[in-house]
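Just follow the structure's listing: the first ligand is 1, and inside any ligand the first atom is 1. Along the sequence shown, residues are numbered consecutively beginning with 1.
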Amino acid sequence: MAERIYLYDSTLRDGSQAQGIDFTVADKLAIASALDAFGIDYIEGGWPGANPTDDAFFARVPQTRFAKVSAFGMTRRAGRSASNDPGLQDILNANTSAVCLVGKSWDWQVETALKVSISENLKMISDSLSHVLDQGREAHFDAEHFFDGYKANRAYALEALKAAHEAGASWIILCDTNGGSMPSEVYRIVSDVKSMLPDANLGIHCHNDTEQAVANSLAAVEAGVRQIQGTINGIGERCGNANLIALIPTLMLKMGFETGVSMEQLKEIGSLSRLIDDRLNRVPNRHAAYVGKSAFAHKGGLHVSAMARDSRSYEHIDPALVGNTRLILVSDKAGRANVLNRLEQMGIEVAADDERVTELVKIVKEREALGYAYEDASASFELLARGLLGQLPRFYDLLSYRALNECRMDAKGHADTLAEATVKLSVAGSTVMTVAEGNGPVNALDQALRKALTPHYPVLEAMHLSDYKVRILTPSDATAALTRVVIESRDSDGHAWHTLGVSANVIDASNDALFDALTWFLMKRGVAAQK
Ligand SMILES: CC(=O)SCCNC(=O)CCNC(=O)[C@H](O)C(C)(C)COP(=O)(O)OP(=O)(O)OC[C@H]1O[C@@H](n2cnc3c(N)ncnc32)[C@H](O)[C@@H]1OP(=O)(O)O
Ligand SMILES: CC(=O)C(=O)O
């Protein structure tokens, strides 16, 4: 029977201490509900009494399915009884089944930051935890600065833990508050604590100031802790906290621990990670371990060739275990194996020894040297491949286009910009010429193309341009620089595809990317080309 690790999520408390993060009550409620559904054991909702958002969260947090909600706060103030401490009262008034109190375990901090005697601090710890337990709550003790405190004064740091343990703390969490510890130190110190307090339930709370919060948490687990505190995507004060998104699969898949997360729920870990990004309006980190889009993306030709023989060649786990998927990229680092794999994924049949595959690899490399980047524009790659294989329908021929940008100043000096484009193209055996306006020349060009093409291909109404990115490839050429335009288009069902164009003229690059976007969509819809 696998041993159980308890997962304590502090996204809504320590996560909200990160610069730039400001959760609303609605964010907190949505995140708490996702954490509960995912199988997290404890959800630290915030600090009751600290601010109106946290108070509103605790007032509204619904009944959880699985998780225990925890209210965070600090031990009683010096010179007050625990039962007469307004801060502690606020925390208890939140009515959560669990309470986590932070207290000092470094004598120097007690004297410098708290300005109380080290014996009073021990009483603050034991009185506060006893009071929480007397109210029928589960009591967690966060031993702040424990590792630094232990290194400065081992005896006192252990005294602080003993005070919590003797008061009956349900869990004692060892905090690497400043995030400067090394995994070997964490292992050694936790092992010592384990031998001094063999019957205490120990946890770990690590900060990421040396990018070792995950490694330190795992070292603590190896030395015997059974609760891990962390946050989704590792957000938190300064450089963040231990990242539960990396820790959970590692604990379950590599170390064989059981958690509250089932193997089925583990497949949802990417959605949980993206939910936090979404709430924070952040672009997900494509290189994030386990859940990033690139976590199982293979680019190097040697890698893909070996992967075709056995996927274990370059993957540490099956991506499906964490709900992720394998991606084979085509770029200037590709070989025949990458291209064959992509063609297969695109449903293009070609013999493995077809010489045109070698030709395609060569063309991709030549074009990438000119600034093309097909790994982010797979629709343009598909059109390139189909063109070479003689499978590319031609829906229209562009004969010419003109794009104008006119800026007029009014009497008050305000700029009024008008863009206009004219396109002349050949479609369905005739020549068509249209003019359209737009809020910029690319938009005007897009409108003029649609005006000309939609009467012949009405399905074009169902697609639109959803993102447009310009990358300067040769910045030293200043305004004459080569540009790469990547267009994201979407259909009415929200499916996206990406196309690109490269030119020193940004309008020409945009026109090429638009041509690919329209062509790919018409081809995928099975529309017959009207030539
Ligand atoms: C390591 C961690 O991340 S702990 C969590 C840190 N998170 C936060 O601080 C976010 C929420 N905090 C807050 O909103 C505010 O700091 C509050 C409401 C808690 C307190 O605000 P204030 O009463 O204005 O005090 P302030 O924040 O300036 O100072 C903290 C006080 O608590 C005392 N204190 C700090 N830690 C403890 C502790 N473990 N036990 C008892 N008192 C403590 C300090 O000595 C200081 O006392 P002082 O008021 O006599 O100077
Ligand atoms: C409690 C906490 O957040 C810390 O000590 O880092």
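By the 4.0 Å heavy-atom criterion, R76 is counted among the residues contacting ligand 1. Ligand 1 lies nowhere less than 4.0 angstrom from a heavy atom belonging to N51. Within the structure, ligand 1 has R77 among the residues with a heavy atom less than 4.0 angstrom away.
The pair R13-E237 fails the salt-bridge criterion, with no side-chain N (NZ, NE, NH1 or NH2) lying under 4.0 Å from an Asp/Glu carboxylate O. Using a 4.0 Å cut-off between charged side-chain N and carboxylate O, D127 and R76 make a salt bridge. Using a cutoff of 4.0 Å between basic side-chain nitrogens and carboxylate oxygens, K104 and D142 are not scored as salt-bridged. Using a 4.0 Å cut-off between charged nitrogen and carboxylate oxygen, R312 and E315 do not count as a salt-bridge pair.
Checked against a 3.5 angstrom limit, the closest N/O atoms of E144 and ligand 2 fall outside it. Between W47 and ligand 1, no N or O atom pair is found at a separation short of 3.5 Å. Between H207 and ligand 2, at least one N/O pair is under 3.5 Å apart. Every N/O-N/O distance between G49 and ligand 1 stays at or above 3.5 Å.
Around CZ of R471, the count of heavy atoms belonging to other residues, nucleotides or ligands within 6.0 Å does not exceed 12. Counted within 6.0 Å of CD1 on I472, heavy atoms from surrounding residues, nucleotides or ligands total more than 12; the atom is thus considered enclosed. In Q345, the CD atom is crowded: over 12 heavy atoms of neighbouring residues, nucleotides or ligands sit closer than 6.0 Å. For D22, the CG atom is loosely surrounded, since the number of other residues' heavy atoms within 6.0 Å does not exceed 12. Annotation: R309, atom CZ; neighbour count of heavy atoms from other residues, nucleotides and ligands within 6.0 Å does not exceed 12. Heavy-atom contacts from other residues, nucleotides or ligands closer than 6.0 Å to CZ of R238 number more than 12. Within a 6.0 Å sphere centred on NZ of K151, other residues, nucleotides and ligands contribute more than 12 heavy atoms.
Taking atom 7 (N) of ligand 1 as the reference point, the nearest protein heavy-atom neighbour is Q17 OE1, 3.1 Å. The protein atom (non-hydrogen) at minimum distance from atom 13 (C) of ligand 1 is A50 CB, 4.2 Å. The protein atom (non-hydrogen) at minimum distance from atom 2 (C) of ligand 1 is R13 NH1, 3.9 Å. Looking from atom 32 (O) of ligand 1 to the surrounding protein, the closest heavy atom is M74 CE, 3.3 Å. Among all protein heavy atoms, the one lying closest to atom 36 (N) of ligand 1 is L114 CD2, 3.7 Å. Atom 40 (N) of ligand 1 has T75 OG1, 2.7 Å as its closest protein atom, hydrogens excluded (heavy atom only). The nearest heavy-atom contact from the protein to atom 2 (C) of ligand 2 is H205 NE2, 3.4 Å. Protein heavy atom closest to atom 1 (C) of ligand 1, with residue, atom name and distance, is E144 OE2, 3.3 Å. Scanning the protein for heavy atoms near atom 5 (O) of ligand 2, the closest one is T177 OG1, 2.7 Å. Regarding atom 1 (C) of ligand 2, its nearest protein heavy-atom neighbour is D142 OD2, 3.2 Å.
Less than 4.0 angstrom separates some heavy atom of V102 from each of these atoms of ligand 1: 39 (N). For ligand 2, the atoms sitting less than 4.0 Å from at least one non-hydrogen atom of D14 are 3 (O), numbered in the order shown with element in parentheses. Near G103, the atoms of ligand 1 lying under 4.0 angstrom from a non-hydrogen atom of the residue are 39 (N). The distance from ligand 1 to the heavy atoms of M124 drops below 4.0 Å at these ligand atoms: 40 (N), 41 (C). Atoms of ligand 2 found under 4.0 Å from any heavy atom of R13, numbered from 1 in the order shown, are 1 (C), 2 (C), 3 (O).
Residue I228 comes nearest to V221 through the heavy atom pair CD1-CG2, 3.5 Å, listed as atom of the first residue, atom of the second, then distance. Pairing each heavy atom of V132 with each of E138, the nearest pair is CG1-O, 4.3 Å. Taking both residues in full, the closest heavy atoms of F58 and A71 are given as CZ-CA, 3.9 Å, listed atom of the first, atom of the second, then distance.
Heavy atoms of E237 found under 4.0 angstrom from ligand 1: none, in either backbone or side chain. Proximity of A113 to ligand 1, defined as any heavy-atom pair under 4.0 Å, is confined to the backbone N, CA, C and O atoms.
Within a 4.0 Å radius of atom 29 (O) of ligand 1, the protein contributes no non-hydrogen atoms. Under the 4.0 angstrom criterion, atom 21 (O) of ligand 1 counts as lacking any protein heavy-atom contact. Shown here, atom 51 (O) of ligand 1 is out of close reach of the protein: none of its heavy atoms lies under 4.0 Å off. Atom 45 (O) of ligand 1 is approached by the protein to below 4.0 angstrom, counting heavy atoms only. Atom 5 (C) of ligand 1 is approached by the protein to below 4.0 angstrom, counting heavy atoms only. Distance check on atom 24 (O) of ligand 1: every protein heavy atom falls at or beyond the 4.0 Å cut-off. For atom 15 (C) of ligand 1, the nearest protein heavy atom is 4.0 Å or more away.
Ring planes of H205 and H207: tilted class, angle from 30 to 60°. The aromatic rings of F296 and H316 lie parallel to each other, their planes meeting at an angle below 30°, with 60° marking the opposite boundary.
Within the 4.5 Å cutoff, no side-chain heavy atoms of N201 are placed close to those of I172. Residues L161 and F146 have side chains in contact (heavy-atom distance under 4.5 Å, counting atoms from C-beta outward).
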